[in-house]
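We count residues from 1, following the sequence as given.
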Amino acid sequence: MEGENNLSGYGTDGVDIFFKGETVLGAEPRSFRCLSESGNGYWCDRQRVYFEGQVLENAKPDFFSVMYLQNQSIFGHCQGVLYVGASCIPEVDLATFHFLVDHWLFAKDKSNVYAIYDNKLRVIDVDVSSFKIFEGGIIVRDNLRAFVVISGAVLKIISDADLHTLTPLDCGNVKDKYRVYYHDVGLDDQILFWSTKTGHL
């Protein structure tokens with residue numbers, strides 16, 4: 001790490017550590033190093049762990065492990081606590097926590113399904129045991145409802161889907177015995193959703 005013109009955003013003048021030109025208070029240049037294979041994400045010195053210049057509360061470098069998703073190191077864990085970016089997420093059960101589909105950034109543990117977006121993790125209101133992601137990651141379902149995934153991993157209920165016959169098509173679209181459900185991107189860059197009546201398929 002020399003200067004500040006590198007992909008990680010970190011730099012040093014030998015006295016202080018900087019992230020994108022701002023001083024990282026308390027960071028020690030001599031022991032400052034990257035914890036991620038990619039060279040970005042999590043860094044540490046002898047006493048603290050950092051993400052994009054922010055100190056991770058209660059994270060200890062000797063016990064910190066990086067988790068990778070789509071080759072990004074925005075997840076880590078330390079002594080039973082999950083970190084997403086610089087945020088501590090203590091309620092996640094790490095023993096059962098796992099990523100579901102890399103493309104759409106879903107994860108689950110024994111109690112919850114999570115949507116991961118913009119370095120944040122939030123619980124989504126679905127049945128954990130029956131949650132399923134169709135190929136392509138655009139349509140998801142549980143045993144009660146089907147959803148289309150829109151911008152920011154927000155789920156919009158497909159209120160008229162027949163769950164007994166809902167099956168995947170190419171490109172992340174799905175069909176039931178009455179309709180084909182598909183997605184497209186509108187001119188305003190919002191993800192739009194339509195259902196088209198097709199008769200029995």
Working to the nearest 0.5 angstrom, can you tell me the gap between E52 CD and E22 CD?
13.5 Å

With hydrophobic residues grouped by side-chain heavy-atom distances under 4.5 Å, do V84 and V123 end up in a single group?
yes

Taking only residues two or more places apart in sequence or in another chain, which ones pass salt bridge (charged side-chain N to carboxylate O under 4.0 Å, His left out) with R145?
D142

Is the shortest side-chain heavy-atom distance between T167 and K175 below 4.5 Å?
yes

Using 0.5 Å steps for rounding, measure from the CG atom of D16 to the OG1 atom of T23.
5.0 Å

Suppose we screen for ring-ring contact (aromatic ring centres under 6.0 Å, His included). Which residues come up paired with F75, at least two apart in sequence or across chains?
F99

d(I116 CD1, I74 CD1) to nearest 0.5 Å is 7.0 Å

Output for pair (D127 CG, N143 CG), nearest 0.5 Å, gives 4.5 Å

Quick one, Q47 and P61 - any side-chain contact, counting heavy atoms below 4.5 Å?
no

Determine the minimum heavy-atom distance between D45 and G26, stating which atoms define it.
OD2-O, 3.8 Å

Where W43 and S8 come nearest, the two heavy atoms and their spacing
CZ2-CB, 3.5 Å

Under the rule for side chain to side chain donor-acceptor pair (under 3.5 Å), what residues qualify as partners of R46, not counting sequence neighbours?
E28

Nearest heavy-atom neighbours spanning A86 and L56:
CA-CD1, 4.0 Å

Could you go through V140 and V113, starting from their C-alpha distance and side-chain angles, then the distance that decides it, and tell me whether this counts as side chain to side chain contact (heavy atoms under 4.5 Å, CB included)?
CA-CA 12 Å; V140 300; V113 176; over 6 Å; no

Strictly distance-based, threshold 3.5 Å: is any side-chain N or O of N112 a donor or acceptor partner for the main-chain N or O of Y114?
no

Tell me which pairs pass side-chain hydrogen bond (donor to acceptor under 3.5 Å, both in side chains) where either residue lies in residues 74-93, with sequence neighbours left out.
D93-T96

Kindly give the heavy-atom pair with the smallest separation between G53 and V24, and that separation in Å.
O-CG1, 3.7 Å

Any side-chain heavy-atom pair from V81 and N58 closer than 4.5 angstrom?
no

For T12 and P29 the tightest heavy-atom approach is OG1-CB, 3.8 Å

Can the ring centres of Y50 and Y10 be said to be less than 6.0 Å apart?
no

Once side-chain contact (heavy atoms from CB on, under 4.5 Å) is applied, do any residues pair with D162, and if so which ones, sequence neighbours excluded?
H164, T165, D176, K177

Does K108 reach the main-chain N or O of V128 with its side chain, forming a donor-acceptor pair under 3.5 Å?
yes

I would like to know whether F97 and L82 meet side chain to side chain contact (heavy atoms under 4.5 Å, CB included); could you show each step before the answer?
CA-CA 9 Å; F97 181 83; L82 178 71; 3.9 Å; yes

Note: G85 and Y42 closest approach over all heavy atoms is O-OH, 2.8 Å

I'd like to check the side-chain contact (heavy atoms from CB on, under 4.5 Å) partners of A146; sequence neighbours left out, ordered by chain and number.
R141, I158, A161, L163, L166

